[in-house]
Amino acid sequence: MTDRPSRGLLLRLAGPLQSWGTHSKYGRRGTARFPTRSGIVGMLAAGLGRVRQASLDDLTELSMTVRVDRPGVVLSDFHTVGGGLPADETVITVDGKHRPEGKGTLVSRRQYLADAAFTLALTSDDEALLHACAAALLNPYWPLFLGRRSCPPEGPILLGYGEDPLRHLIQLPLAAKRPRSGRQPIEFYGDRPLGALPVNWDAPDNSDGDHHSGEVTDEPMSFAPLARQYRPRPLYRRAVHLPDAAYTGFGTGYLATLQNYIDTHFTTAERSTR
């Protein structure tokens, strides 16, 4: 489908560390450079209080568009898992047995995004689902995290709820300083064509976003612990030059500008969904 729903949620994902796995197996766990659909669906499921075996069919109908405010830098961390445990508590092997005592320590290398910030639009024609997700983000059943439990968000995730979310995705303040070397394009990623992004046509744009740039296997089918399943979906990318005024820096200056935008464009009901 190319038509986009006219209502949706605006989210802000920022924190010291984030990690959005797409090829995380065994001792190496990487991260994508932007939030994945599986990570966002998992966050919503946690907020809604769903068990891992619960159906995800309604949540996977949400469309997601990501704006990369700050890409961050990739940080590699070194972990050991399972050391010092008795034989009946060591890490389980592929054949379902426990590793022998004294040989239970495994090395794990994990990647994170440090100092990254993203703004998301989640859209749907199902208003009841949007209201439920908004309430879950405001008052989550289980704690919310940015891809992994060790990555809490730095502040509230939900920015607003209402009409024309893609317009807000373009206009919301950027959590970044204006580049010294001139205007740099801001990356957008989506699960649907991005040609409909409401950008100013007098701004240079190096791609139309209507042709997918590949596939990413991050569409969750099940989060059941022993039967996790994902399927591929098309990835659309667009790089857009936003005006200098969109860059509002860091810290209190950015937060004040963001709060002013929220107060101006979202009513109290749209912010709280109550």
Side-chain angles (χ1 to χ4, degrees), residues 8-20 31-37 39-40 43-44 47 64-75 111-123 133-134 137-138 140 144-148 150-162 164-190 194 197-200 203 205 209 237-266 270-271:
L9 309 179
L10 279 301
L11 279 58
R12 176 177 179 264
L13 303 180
L17 294 176
Q18 305 185 37
S19 189
W20 307 99
T31 180
R33 298 305 299 263
F34 51 88
T36 58
R37 278 185 60 81
I40 299 303
M43 176 189 296
L44 295 173
M64 183 176 83
T65 307
V66 179
R67 186 185 77 181
V68 181
D69 290 25
R70 296 197 310 272
V73 295
V74 175
L75 172 68
Q111 289 186 334
Y112 299 87
L113 295 179
D115 194 35
F118 305 96
T119 306
L120 275 69
L122 295 177
T123 57
C133 289
L137 292 172
L138 286 170
L144 307 179
F145 47 86
L146 306 180
R148 290 194 187 132
S150 59
C151 303
E154 69 177 25
I157 288 177
L158 182 66
L159 296 177
Y161 166 78
D164 207 358
L166 293 185
R167 176 176 62 85
H168 292 302
L169 188 63
I170 292 292
Q171 296 181 354
L172 274 161
L174 281 163
K177 291 183 178 180
R178 183 171 59 86
R180 294 181 179 180
S181 58
R183 298 176 70 186
Q184 300 292 325
I186 297 297
E187 299 280 356
F188 289 79
Y189 294 93
L194 296 175
L197 282 177
V199 298
N200 294 325
D205 190 341
R237 173 184 172 275
R238 188 173 181 183
V240 176
H241 287 84
L242 297 181
D244 291 347
Y247 294 85
T248 54
F250 310 109
T252 56
Y254 161 71
L255 293 175
T257 307
L258 177 64
Q259 188 62 55
N260 181 64
Y261 186 96
I262 292 171
D263 292 340
T264 302
H265 293 87
F266 301 112
E270 287 173 332
R271 295 200 297 272

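For reference, positions follow the sequence shown, starting with 1.
- Rounding to the nearest 0.5 angstrom, the gap separating the CZ atom in F118 from the CG atom in L146 is 9.5 Å.
- Take R37 and apply the salt bridge (Lys or Arg N to Asp or Glu O under 4.0 Å) test, not counting sequence neighbours, and it matches D191, E219.
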Before you tell me yes or no, could you show the steps for Y247 and I186 under side-chain contact (heavy atoms from CB on, under 4.5 Å), namely the whole-Å CA-CA distance, both residues' side-chain angles and the distance that decides it to 0.1 Å? CA-CA 11 Å; Y247 294 85; I186 297 297; 3.5 Å; yes
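- Contact between L172 and R67 at its shortest, heavy atoms only, is O-NH1, 2.7 Å.
- Annotation: the span from T264 atom OG1 to Q259 atom CD amounts to 9.5 Å, rounded to 0.5 Å.
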Step by step, would you call C133 with L122 a side-chain contact (heavy atoms from CB on, under 4.5 Å)? CA-CA 10 Å; C133 289; L122 295 177; over 6 Å; no
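- For P173, the side-chain contact (heavy atoms from CB on, under 4.5 Å) partners at least two apart in sequence or on another chain are T248, Y254, T257, L258, Y261.
- The OG1 atom of T119 sits 3.5 Å away from atom CG of D69, with the distance rounded to the nearest 0.5 Å.
- Separation of atoms CG (L166) and OG1 (T123) is listed at 6.5 Å; rounding is to 0.5 Å.
- When the side-chain contact (heavy atoms from CB on, under 4.5 Å) test is applied to T36, the partners found at least two apart in sequence or on another chain are W20, T22, A32, S38, D218.
- By the 4.5 Å heavy-atom criterion applied to side chains, L159 and L11 are not counted as neighbours.
- The nearest pair of heavy atoms linking P35 to L13 is CG-CD1, 3.8 Å.
- For E187, the side-chain contact (heavy atoms from CB on, under 4.5 Å) partners at least two apart in sequence or on another chain are V68, Y189, R237, A239.
- A donor-acceptor pair under 3.5 Å is formed between the side chain of Q18 and the backbone N or O of A116.
- Sorted by first and then second residue, the salt bridge (Lys or Arg N to Asp or Glu O under 4.0 Å) pairs involving residues 150-160 (not counting sequence neighbours) are R12-E154.
- Closest heavy-atom contact between L194 and R238: O-NH1, 2.8 Å.
- Checked against side-chain hydrogen bond (donor to acceptor under 3.5 Å, both in side chains), S19 has the following partners two or more places apart in sequence or in another chain: R148.
- When the side-chain contact (heavy atoms from CB on, under 4.5 Å) test is applied to R70, the partners found at least two apart in sequence or on another chain are D115, A117, A175, A176, F250.
- Taking CG from L137 and CD1 from I157, the interatomic distance works out to 6.0 Å, rounded to the nearest 0.5 Å.
- A distance of 5.0 Å separates CD1 of I170 from CG of L197, quoted to the nearest 0.5 Å.
- Within the 4.5 Å cutoff, the side chain of L169 has no heavy atoms near those of the L120 side chain.
- The shortest non-hydrogen separation linking H241 to Q184 is CD2-C, 4.1 Å.
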